[in-house]
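Atoms within a ligand are numbered from 1 in the order they appear, just like the ligands themselves. Source: prediction; values computed, not measured.
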Amino acid sequence: MSETSHGHDELDECVAALTQVHAFLHGELLEADADVIRHHLHACERCMENFEIESTINEMIQRAHRVPKAPASLSIRIESLRIQR
Ligand SMILES: [Zn+2]
């Protein structure tokens with residue numbers, strides 16, 4: 001008897017969704033692909049949980065990268081202070 005693995009369809013969808021979550025978060029997916037992910041996340045609690053964790057991490061990383069740099073004038077002042085010493 002050959003075993004058809006219909007029961008695995010759902011899991012495959014989850015794997016596919018999770019492998020694309022990063023691209024989805026970074027806005028790198030085509031709108032059609034992003035829609036598939038969105039649909040799956042709404043339908044699948046486990047993936048939604050994973051997505052929320054990923055998106056929280058993603059937000060934290062983006063915030064860390066967005067730390068404002070010291071304005072140029074301030075850097076120049078610091079440089080001149082260093083030279084004077
Ligand atoms: Zn899922």
For residues 27-35, please give each side-chain donor-acceptor pair under 3.5 Å, one per line with the distance, not counting sequence neighbours.
{"from": "Glu31", "atom 1": "OE2", "to": "Arg38", "atom 2": "NH1", "distance (Å)": "3.3"}
{"from": "Glu31", "atom 1": "OE2", "to": "Arg38", "atom 2": "NH2", "distance (Å)": "3.4"}
{"from": "Asp35", "atom 1": "OD1", "to": "Arg38", "atom 2": "NH1", "distance (Å)": "2.7"}

Residues which pass salt bridge (Lys or Arg N to Asp or Glu O under 4.0 Å) with Glu59, listed by chain and number, not counting sequence neighbours: Arg63

Distance-minimising heavy-atom pair for Ala16 and Ile37: O-CD1, 4.4 Å

For the Zn ion (ligand 1): protein N/O/S atoms at distances below 2.8 Å: 4

Pairs where residues 13-46 contributes a residue and the test ring pair (Phe, Tyr, Trp, His ring centres under 6.0 Å) is met, not counting sequence neighbours: Phe24-Phe51

Distance in Å, Leu18 CG paired with Asn50 CG, rounded so as to fall on 0.5 Å steps: 5.0 Å

Taking every non-hydrogen atom, the tightest pair across Leu41 and Cys47: CD2-O, 3.4 Å

